[in-house]
2 protein chains.
Amino acid sequence: MVLTEKHKELIERIGVFHEHKGMQPLVGRIIGLLLVHEEGEVSFDEIVEQLGVSKSAVSNALTFLQAKGRCVYSTRPGDRKRYFALKVSDWREDFQKDLENISEIQKFIDEVLEIRTDKNPEFNCNMKDFSNFLGFFKKEIPALFDRFKRQQA
Amino acid sequence: MVLTEKHKELIERIGVFHEHKGMQPLVGRIIGLLLVHEEGEVSFDEIVEQLGVSKSAVSNALTFLQAKGRCVYSTRPGDRKRYFALKVSDWREDFQKDLENISEIQKFIDEVLEIRTDKNPEFNCNMKDFSNFLGFFKKEIPALFDRFKRQQA
DNA sequence: CAGTTAGTTCTGCAAATACAGAACAAAGTT
DNA sequence: AACTTTGTTCTGTATTTGCAGAACTAACTG
């Protein structure tokens, strides 16, 4: 597949978006490439060529993406190449994991509340509210997915 | 204030949690200290002493936290010191910003869908579903806060 | 079994990060 | 006016990161 300027520019933007999420640059670019590539499946050396990086860097990045469960490869009879693809079908679990991750702060808030004195009741009260909300939020997540499903049908 | 081992250990854990979110180590430790400190307000040089780091590092970290709107300082009459505190009261807006941030991926998904061919309909379909969900999710956020408020009362 | 293909692991390095320490600034104190 | 306090800014550096390139492995091919 030949990438247009538009493709390349979008891959870069998706790359920096993922960099901001803490991923290393190349990992973000690979996610971008796998997203815009028309087949959705891209061979190891097409990744190397399209992104103009070394095999070692691609190997490490793909190992990382597979470990994170964001990426898989398939093979084809009579072809030793691996074709890598994003697990776009898993967006529900992925998104849910993201949500649970950001509400992980509740764990710390609660620990903090346990060891705080009552020298600053307003501070404590705000933190307690936040913790309550996070608990509420986590409980509401499944219902949110349900409502989406119903609204779609 | 004298920090116990428990305090120090919790500050470290809160620190690495924030490091994983992309912040620099000291910034995370300062958030931890401001959370566990009984007064909630901590002077510049108490931060320096409690965390055992240089003034320059603390100065830069606090500038960053203030720029991000996560931290403010107040002063006291007849006292030139600045007392720094987290904006715990802003947790609603902060959390909302976090949610909007993670759903920012929709922007990219939609751009990707626009330039994709229909060579892989299943892939496109999954992405379209995800985009629809993200749209739905963003719309639901205010209602979520409302329900929490009502449930509290 | 020599050569090719497809990818991994190891070694090294250039650039970025995160901080220390010194110099500096601004304001108050004696 | 010299000195102290409360930070900020500048300069240097140890560490970490992110990748390249070479050496390597495993499997297939002629």
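First the proteins, then the strands, lettered A, B, ... as listed; each starts at 1.
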Q: Could you encode protein contacts along nucleotides 6-22 of chain C as a string, one character per nucleotide from 5' to 3', using B for base contact, S for sugar-phosphate-only contact and - for no contact, with a heavy-atom cut-off of under 4.0 Å?
A: SBBB--------SSBB-
Q.
Using C1' atoms of five pairs at each end, report the bend of the helix from C:dC1-D:dG30 to C:dT30-D:dA1 rounded to 10 degrees.
A.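 Inter-axis angle at the termini of the helix from C:dC1-D:dG30 to C:dT30-D:dA1: 20°.
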Q. Hey, does the side chain of A:N60 reach the backbone of A:S56 with a donor-acceptor pair shorter than 3.5 angstrom?
A.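 Such a contact is found between A:N60 side chain and A:S56 backbone.
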As an exercise, state the distance from [atom1] of [X] to [atom2] of [Y], rounded to the nearest 0.5 Å.
{"X": "B:I105", "Y": "B:F130", "atom1": "CD1", "atom2": "CZ", "answer": "7.0 Å"}
{"X": "A:F148", "Y": "B:N132", "atom1": "CZ", "atom2": "CG", "answer": "5.5 Å"}
{"X": "B:L3", "Y": "B:K8", "atom1": "CG", "atom2": "NZ", "answer": "6.5 Å"}

Q. Could you give the start and end, 5' to 3', of the contact zone on DNA chain D for chain A, using atoms under 4.0 Å from its heavy atoms?
A.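 Range of nucleotides within reach of chain A: D:dG18 to D:dC28.
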Q. Does a donor on one side chain sit under 3.5 Å from an acceptor on the other, for A:E46 and A:H37?
A.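 Per modelled atom types, A:E46 and A:H37 side chains form a pair under 3.5 Å.
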Q. Can a cation-pi geometry be assigned to A:R13 and B:F108, taking NZ or CZ under 6.0 Å from the six-membered ring centre and within 45° of the ring axis?
A.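 Here A:R13 fails the 6.0 Å and 45° test against B:F108.
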Q: Could you walk me through whether B:K21 and A:I102 pass the side chain to side chain contact (heavy atoms under 4.5 Å, CB included) test, one step at a time?
A: CA-CA 9 Å; B:K21 299 219 154 189; A:I102 80 167; 4.1 Å; yes
(Q) Which label fits B:W91 and A:F133: parallel for a plane angle under 30°, tilted from 30 to 60°, or perpendicular past 60°? (A)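 It falls in the tilted class, 30° to 60°.
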Q) At their closest point, which heavy atom of A:L62 faces which heavy atom of A:C71, and how far apart are they? A)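 It is CD2-SG, 4.2 Å.
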Q. Within a strict 4.5 Å, meaning less than it, do heavy atoms of the B:R29 and B:Q50 side chains meet?
A.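 In short, these two side chains do not touch, never coming nearer than 4.5 Å.
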